[in-house]
Amino acid sequence: DSTECGAYTSAISCQKCKEGWVVPQAPLQDQTEWGCDKCGQIFTLDEVENTVEKIKKYIEKIPEKDVNKLENFLKIAENILHPNHCLLLGVKKNLFSLYGSAPGLQLQQLSPAQIER
């Protein structure tokens, strides 16, 4: 199932139509092409892997306790990766552990907008 049972944990945004998700065409094959589920645009495995690798390297440069930089990264990356992409889930998990425990981010110090996020 190219959508990973609807989880889309590997999907990236289609940079052509900006509406669809790019998913593997034959998910059980290692070297499969990827395609947009809306417009049908085909992407090579290398194109998808390069996009994901650039984002991985960017994440590695963000200090793991820098909430502002992590939040800003999510705003940018959600235009490139599916919100359920495994890389974004890792960043969100890190943020969840910081909210309510890091200095200045204890629950009683968080604004309603911060809690909503």
Side-chain angles (χ1 to χ4, degrees):
D1 167 22
S2 62
T3 69
E4 298 153 312
C5 294
Y8 291 91
T9 57
S10 298
I12 65 173
S13 175
C14 179
Q15 297 304 301
K16 180 181 178 194
C17 74
K18 310 285 189 208
E19 294 179 12
W21 299 111
V22 178
V23 295
Q25 296 298 289
L28 299 178
Q29 295 178 6
D30 287 340
Q31 298 297 315
T32 188
E33 291 182 324
W34 288 54
C36 177
D37 64 0
K38 294 283 187 219
C39 72
Q41 176 71 33
I42 297 297
F43 298 87
T44 67
L45 177 61
D46 284 342
E47 289 173 308
V48 173
E49 286 179 341
N50 287 339
T51 298
V52 172
E53 192 59 35
K54 286 178 187 175
I55 293 171
K56 277 184 191 177
K57 287 180 181 180
Y58 190 87
I59 292 170
E60 290 170 2
K61 293 178 183 177
I62 302 172
E64 64 182 34
K65 295 189 186 257
D66 192 327
V67 171
N68 288 333
K69 286 185 179 178
L70 291 168
E71 288 176 342
N72 288 335
F73 166 78
L74 285 179
K75 289 176 190 172
I76 295 166
E78 284 184 341
N79 293 316
I80 303 167
L81 304 175
H82 190 280
N84 292 340
H85 194 283
C86 61
L87 294 178
L88 294 186
L89 293 178
V91 172
K92 290 174 184 180
K93 180 181 177 229
N94 187 15
L95 281 169
F96 292 152
S97 70
L98 293 172
Y99 294 139
S101 64
L105 293 172
Q106 264 91 47
L107 187 57
Q108 63 272 24
Q109 297 171 308
L110 296 175
S111 70
Q114 288 174 307
I115 293 170
E116 179 72 24
R117 286 193 308 248

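This chain uses plain numbering: 1 for the first residue, then up along the sequence. All values below come from the heavy atoms of this structure, side chains included, with hydrogens, waters and symmetry mates left out.
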Exercise. So do E71 and L95 actually touch side chain to side chain, heavy atoms under 4.5 Å?
Worked result: yes

Exercise. Looking at K16 and C39, what are the two nearest heavy atoms and their distance?
Worked result: CD-SG, 4.2 Å

For this session: Apply the test side chain to side chain contact (heavy atoms under 4.5 Å, CB included) to residues K18 and N79: give CA-CA distance (whole Å), side-chain angles for both, the deciding distance (0.1 Å), then the verdict.
Result: CA-CA 9 Å; K18 310 285 189 208; N79 293 316; over 6 Å; no

For this session: State whether the number of non-hydrogen atoms from other residues, nucleotides or ligands found under 6.0 Å of E19 atom CD is greater than 12.
Result: no

For this session: Output the distance between atom CD (E78) and atom NZ (K92), rounded to the nearest 0.5 Å.
Result: 4.5 Å

For this session: Identify whether V23 and I12 are in the same connected component of the hydrophobic contact network (ILVMFWY, side-chain heavy atoms under 4.5 Å).
Result: no

Exercise. How many angstroms lie between CH2 in W34 and CG in L45, if you round to the nearest 0.5 Å?
Worked result: 7.5 Å

Problem set entry | ILVMFWY network linking V48 to L87, side-chain heavy atoms under 4.5 angstrom | yes

Exercise. Between CG of N94 and CG of D66, what distance do you get to the nearest 0.5 Å?
Worked result: 10.5 Å

For this session: Any pair with a residue in residues 94-103 that passes salt bridge (Lys or Arg N to Asp or Glu O under 4.0 Å), sequence neighbours left out, goes on the list, sorted by first then second residue, please.
Result: none

Exercise. Would you say the side-chain atoms of E4 pair up with the backbone N or O of T9, donor to acceptor, closer than 3.5 Å?
Worked result: yes

Seminar exercise, completed: Interatomic distance, CG@N50 vs NZ@K54, rounded to 0.5 Å, equals 6.5 Å

Seminar exercise, completed: From the list V91, I80, V52, side chain to side chain contact (heavy atoms under 4.5 Å, CB included) partner of H85 resolves to V52

For this session: Quick one: closest heavy-atom pair of P63 and K69, and the distance?
Result: CD-CD, 4.2 Å

Exercise. What's the spacing between T51 OG1 and E49 CD if we round to 0.5 Å?
Worked result: 10.0 Å

For this session: State yes or no: do W21 and L89 share one hydrophobic cluster built from I, L, V, M, F, W and Y residues joined by side-chain heavy-atom distances below 4.5 Å, directly or via other members?
Result: no

Problem set entry | Any side-chain heavy-atom pair of F43 and C14 under 4.5 Å | yes

Exercise. In terms of hydrophobic clustering (I, L, V, M, F, W, Y; side-chain heavy atoms under 4.5 Å; direct or indirect links), are Y8 and L74 co-clustered?
Worked result: no

Problem set entry | Interatomic distance, K61 atom NZ to K56 atom NZ [nearest 0.5 angstrom] | 15.0 Å

For this session: Take the angle between the ring planes of F73 and Y58 and call it parallel below 30°, perpendicular above 60°, tilted in between.
Result: parallel

Exercise. Do you know which two heavy atoms are closest between A77 and L88, and how far apart they sit?
Worked result: CB-CD2, 3.6 Å

